[in-house]
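Okay, so here's the structure we're looking at.
Just so it is clear: chains get the letters A, B, ... in the order the sequence lines come, proteins before strands, and each one is counted from 1.
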Amino acid sequence: MIVDVISFVLLALGAFFVFMGGLGALRLPDLYTRMHAASLTDSLGTILTLGGIMLQSGWSLATVKLLTILFFLMMTGPTASYALANAALLSRDDDAPALPPATGGRE
Amino acid sequence: MYYVVTTAILVTMALALTRALVGPTVYDRVLAVNMFGTKTVLLVAIIAFLSGRPDFLDLALAYALINFVGVLAVLEFFQKKRHFGRRS
Amino acid sequence: MWTAQLPALVIAGPPAAAPVAARRPGASWSWAFAALASAASFAIAMLLALAATEVTAISYAVGSWPPPFGIELRITGFSALLMLIITGASTIALVGGKASLDSDIAPARRHYFYAAWLLAVGGLVGIVASGDAFNIFVFMEVSSLATYILIAAGGNPRALPAVFKYLVMGTIGATFYLIGIGLIYLMTGTLNLVDMETRIHDVTDLKPIYAAVGFVTLGLVLKAGVFPLHVWLPNAYAWSPHVVTAFIAACSTKVSLYVLLRFDFMVFQGSLGGHDLQFAGFLMPLAVLGILVASAVAMTEGHLKRMLAYSSIAQIGYIVLGASLMSVSGLTAGIVHMFNHALAKGTMFLAIAFIATRLTALRLDDIAGIGRRMPWTLGAFLVAAMSLIGLPGTAGFISKWYLVLAALQSGAVGALLVAVVLVSSLMAVYYIWRVVEAAWSSTPGAEAAGAREVPLPMLAVLWTAALASIWFGLQPGLPLALSRSAATYLLGQLQ
Amino acid sequence: MITAFGFVLLTLLVVTAVAIVVTPNLFVAVMLMSIFSLLMAATFFLLDAADVALTEAAIGAGMSTILFLGALALMGEREAKQAGRQRWLPLAVIALTAFTVIYATFDKPRLGDPAAPVHQHVAPWYLEQTPVLMEVSNVVTAVLAGFRAYDTLGEVLVILTAGIGVMLILANGRPDLSRQGRASASVGLRHHLIPRVVGQLLIPFIVLFGLYLQFHGEFGPGGGFQAGAIIAVGIVLHALLEGEAAGRAILPTPVLVGLMTGGALLFCAVGFAGMLLGGNFLDYAVLAANPVAGQQLGIHLVEAGVGITVTGTLVAAFHAFADREPAA
Amino acid sequence: MKYFGLYNYWVFTLLLMIGLYAVIAKANLVKKLLGLSIFQSAVFLLYISMAKVDGGTAPIIQHADEPQVFSNPLPHVLILTAIVVGISTIALGLAIVVRIREEYGTIEENEIQARDRDR
């Protein structure tokens with residue numbers, strides 16, 4: 001029972017963060033701030049959501065698989081973000097304005 | 001509750017798609033694709049759980065892995081482009 | 001016991017040989033291996049053709065699963081005839097065309113090339129042997145992809161845009177076919193063609209079936225290069241390696257027509273009544289237009305291979321015209337024309353491949369005077385051309401004769417159709433005459449002046465093929481028997 | 001409720017497809033294509049096609065994107081403005097096709113109708129007989145590698161053909177870089193420490209996961225195609241991280257050709273073995289004393305052949321593109 | 001509800017049209033291949049949609065003793081095959097496009113045609 005409540009709270013928070021991150025990725029002004037918002041969904045949203053499901057599934061193979069998924073996402077998400085930011089920053093050398101003005105970048 | 005989470009994920013997918021459509025830089029689009037990928041992982045995990053077939057979590061795992069390799073392939077692509085661009 | 005396994009041997013032989021050919025780079029080895037595998041398939045196809053004349057259909061359950069649960073191979077007289085065309089054309093082209101292939105295909109590519117060749121043969125044989133709608137799609141893709149590779153394998157950069165266009169249109173055609181069989185599957189629940197035939201009778205909501213007829217017809221017409229969906233064909237034929245042209249001109253479009261006829265007469269016909277609309281209203285006008293327009297283009301075309309490619313489009317028109325008459329004699333004419341045209345066109349393109357080992361360009365101006373330097377090659381070309389025109393005594397005459405007979409039986413439009421056949425034959429005389437005029441011109445081009453006749457073994461292969469056109473003109477027994485059994489089999493559903 | 005989620009995904013699918021066609025930047029189109037594939041895969045998953053969803057993700061979103069990027073690196077990303085291109089022909093063709101399809105939909109059974117003809121005939125037999133005849137729980141695997149194994153053979157031939165074709169077509173013209181002994185243009189992500197370390201850490205897991213899918217295909221979603229694609233992705237990841245030369249070094253071209261052809265040969269050999277042992281082509285029942293064990297053995301071998309060929313072909317295709325330099 | 005049940009088929013139709021339009025109307029060869037990809041995916045959707053059964057689950061039998069409703073496995077098998085056919089075609093097409101770009105210096109259809117005319 002208590003587990004149910006906790007898991008529902010986790011799921012609700014997860015849903016909230018996933019949504020807020022998505023909103024941020026859409027609304028924020030430039031690439032780097034959007035990246036910040038996107039990583040919110042990737043980290044907090046994922047942990048909370050998958051955590052909520054894990055509590056629901058109890059100790060089973062499903063939980064192990066969920067933990068594996070979580071592990072992979074935790075490994076890959078930040079790496080991908082880093083690599084992306086790095087590429088965007090490097091691209092400043094040749095063509096694109098990598099650190100765009102506050103109004104947004106250029107295509 | 002699952003439905004709420006699923007709805008949130010779907011809305012976020014739509015938002016990410018919008019970001020991928022409007023850009024403006026290519027990096028924004030890559031960001032959106034990556035975000036879209038992780039949301040798909042979450043979606044599949046939840047639906048697998050909802051439909052009572054937790055053995056399908058394998059799919060979510062596969063998506064997570066592929067998504068990562070996809071982003072790295074994009075970076076390699078940028079790097080290659082820059083390399084070739086500089087030479088010519 | 002082993003005869004029962006013949007269908008499996010013919011469908012599995014070439015594909016199993018292909019990976020072996022691809023594994024070992026080596027100039028002549030892979031050629032010899034491919035030729036051997038192809039000749040072996042031809043021998044098996046012969047045995048199957050003999051066996052197929054005795055029964056209506058040979059059925060073979062792959063994996064021993066009973067149809068419709070497993071995949072059935074179903075070999076009729078019609079498929080046996082096509083199998084003979086495919087394996088025969090492949091063998092003759094490989095054996096006769098070695099010198100040409102050696103000059104066209106870079107050594108580093110050869111083992112891949114011969115593997116792709118075997119896959120193309122395997123795919124085409126797989127289509128005609130199969131009794132399962134989806135299986136036909138899979139092998140259609142095997143043969144198509146392999147054919148694209150064969151076309152692009154030469155050194156001519158112009159082949160690349162041509163093959164890209166072919167790839168796009170071929171994929172659209174195959175996908176249309178896939179949609180069509182999906183719709184039939186949706187309404188009948190089966191993929192086995194024979195099972196489909198019976199179950200389609202019980203379908204009450206016919207709209208998806210009508211749409212399926214549309215998609216299957218459109219897709220296959222596209223793949224078969226029927227006018228006006230032929231736009232991929234001339235360039236694909238013209239710029240591919242010459243021996244490849246000889247092979248694909250002989251069989252690949254005909255296999256698509258085979259599938260089209262199989263569907264129209266066996267699967268759809270039974271339940272949908274005559275559906276004259278599709279034939280009389282759609283295919284027949286296309287066939288007539290195709291015959292006339294393509295022949296006219298061939299008359300003005302300056303490039304030898306493109307001219308013959310347009311001639312092929314006209315000939316495809318004959319086959320479709322024969323089928324669209326929906327009578328035993330019409331279908332017999334169309335089907336036997338598949339055989340006769342494959343023989344004639346294959347020989348002509350092989351002769352061109354021989355000419356191309358001596359010349360770099362193949363416009364009519366470039367071949368000026370070549371007939372004086374290479375009389376035997378051009379002689380064989382002319383014998384085959386006579387069959388293409390349909391002179392009495394050649395195989396081409398047999399098919400045109402039957403076509404005219406069938407047209408006359410078909411009532412009011414018959415006379416008009418006879419006129420079309422006659423006019424287009426005259427047009428063929430004209431464009432062949434242009435070749436003759438150029439080849440025996442008294443002012444030879446620079447290259448042609450120094451050309452020598454090809455070696456005797458090559459000529460022997462070429463003349464075998466050319467004389468076959470005469471032989472089957474005088475003794476049309478076997479192809480005619482197979483065609484007639486195919487026609488009665490196809491039309492059997494109507495009675 | 002899940003159906004409603006399906007509608008949302010389908011709508012997003014249409015939006016993405018339109019965007020792919022409209023955008024003038026090919027790189028963006030490829031990125032959107034990867035989203036499209038993910039959406040398609042999620043849709044398949046909602047429609048109960050777990051195996052297909054896995055394949056679509058691994059092949060559509062994974063390998064297909066990588067191949068497109070590999071090709072795009074060799075050419076410009078901008079689509080030229082098209083002036084004076086005729087519009088009526090495409091529109092006419094499309095209108096005709098649309099009319100046919102829409103006409104056809106009217107009598108179609110609705111989505112999920114259990115009384116639809118598709119669910120009455122052949123399919124129930126598969127669902128009933130698979131546990132009895134093969135003792136395999138994944139019916140998709142049983143049909144793929146068992147009842148309709150001949151289709152799958154054709155399939156392996158298609159992918160073998162594509163592999164041979166890509167190698168043949170890209171074999172001439174420019175010699176590939178590694179053979180020239182020059183420093184390869186593609187150094188990979190060697191200078192990026194974090195992706196490199198994390199990526200290297202993941203490769204064993206990816207390959208292991210692929211093997212799991214290969215051998216678990218009888219019981220859960222998975223099988224030769226999925227496994228082959230995932231393992232290929234793992235090997236490609238190595239090449240991405242360490243550069244082309246290093247990627248080539250672990251699996252040189254002859255080995256890749258050996259894999260491509262070896263898988264197909266294995267498949268054919270299983271087929272012929274059935275014939276030699278007195279059954280029909282691809283008859284597995286005769287492979288072992290007990291027919292059920294024979295079926296399982298046959299399925300295992302055939303799936304292994306599929307996996308090997310798919311891995312070899314996809315990696316070979318990747319290298320064929322990655323190994324080139326753009327034309328001047 | 002009858003028409004809701006056909007929504008999948010409508011999306012199939014739309015995707016088919018979008019893909020076909022790109023293949024025919026776009027001059028860029030890579031764009032054509034992307035269109036072809038969409039076009040083929042549409043057909044996948046058609047097949048998978050027809051396999052769905054209400055209340056069904058993926059055709060992987062968990063417990064043979066309790067009755068379960070399964071979706072139709074056959075279209076899944078067919079589409080697995082078709083997906084691989086799709087990527088094979090695309091890979092081959094891309095290889096050809098790369099060679100065209102090397103020989104012609106462009107991947108726009110009309111420019112290629114113009115260059116062919118000059119030869």
Rounded to the nearest 0.5 Å, the CG atom of D:Leu144 sits from the OG1 atom of E:Thr81 at a distance of 5.5 Å
Tightest non-hydrogen contact, residues E:Arg99 and D:Leu170, listed as CG-CD2, 3.9 Å
Max heavy-atom pairs within cutoff under 4.5 Å with chain E, candidates D:Leu32, D:Leu26, D:Val310, D:Val14, goes to D:Leu26
Most contact-rich option vs chain D, by heavy-atom pairs under 4.5 angstrom, among E:Gly35, E:Gly19, E:Ala51, is E:Ala51
Answer key: most heavy-atom pairs under 4.5 Å with chain E among D:Ile94, D:Thr16, D:Leu46, D:Ile20 is D:Ile94
Backbone N or O of D:Pro24 within a donor-acceptor pair of the E:Lys31 side chain at under 3.5 Å?
no
D:Ile169 side chain reached by E:Leu92 side chain, heavy atoms, under 4.5 Å:
yes
Max heavy-atom pairs within cutoff under 4.5 Å with chain D, candidates E:Ile79, E:Ile87, E:Ile96, E:Val97, goes to E:Ile87
Would you say that D:Val143 contacts E:His76 through its side chain, given a criterion of any heavy-atom pair below 4.5 Å between the two side chains? no
When the 4.5 angstrom heavy-atom criterion is applied to E:Ile90 and chain D, the contacting part is side chain
Applying a strict 4.5 Å limit to non-hydrogen atoms, the region of D:Thr43 in contact with chain E is side chain
Among D:Asp51, D:Asp48, D:Val18, D:Thr141, the residue with the most heavy-atom pairs under 4.5 Å to chain E is D:Asp48
Quick check: do D:Phe27 and E:Val30 have side-chain heavy atoms less than 4.5 Å from each other?
no
Ranked by heavy-atom pairs below 4.5 Å to chain D, first place among E:Leu45, E:Leu14, E:Leu78 goes to E:Leu45
| request: State, yes or no, whether a side-chain contact exists between D:Val122 and E:Leu74 at a heavy-atom distance under 4.5 Å. | output: yes
Answer key: most heavy-atom pairs under 4.5 Å with chain D among E:Val11, E:Ile18, E:Leu16, E:Leu94 is E:Leu94
In short, D:Asn138 meets E:Pro59 closest at the heavy-atom pair OD1-O, 3.8 Å
Per-residue tally against chain D (heavy atom, under 4.5 Å) across E:Val85, E:Thr89, E:Thr106 peaks at E:Val85
Of all heavy-atom pairs linking D:Phe321 and E:Ala95, the shortest is CZ-N, 3.5 Å
So, the part of E:Leu20 with a heavy atom under 4.5 Å from chain D: the answer is both
Between the OH atom in E:Tyr7 and the OG1 atom in D:Thr11, the distance rounded to the nearest 0.5 Å is 3.0 Å
Under 4.5 Å to a heavy atom of chain D? For E:Leu15 that would be side chain
With chain E, the option among D:Leu47, D:Val136, D:Thr55, D:Val158 that has the most non-hydrogen atom pairs under 4.5 Å is D:Leu47
**Prompt:** Can you find a pair of side-chain heavy atoms, one from D:Asp151 and one from E:Val77, that are under 4.5 Å apart?
**Reply:** no
Do E:Tyr21 and D:Val21 have side chains that approach each other closer than 4.5 Å (heavy atoms only, starting at C-beta)? yes
Separation between CG (E:Asn72) and NE2 (D:His121), nearest 0.5 Å, reads 11.5 Å
Query - Residue pair D:Leu10 / E:Trp10, side-chain heavy-atom distance below 4.5 Å - result: no
Bottom line for E:Ala91: the part with an atom under 4.5 Å from chain D's heavy atoms is both
Bottom line for D:Phe68: the part with an atom under 4.5 Å from chain E's heavy atoms is both
The reported gap from OG1 in D:Thr23 to CG in E:Leu34 (rounded to nearest 0.5 angstrom) is 10.5 Å
Under 4.5 Å to a heavy atom of chain D? For E:Ile107 that would be side chain
Scored by heavy-atom pairs under 4.5 Å with chain E, the best of D:Gly165, D:Gly6, D:Ala17, D:Ala142 is D:Ala17
### Query
Does the side chain of E:Ile38 come within less than 4.5 Å of D:Met33's, by heavy atoms?
yes
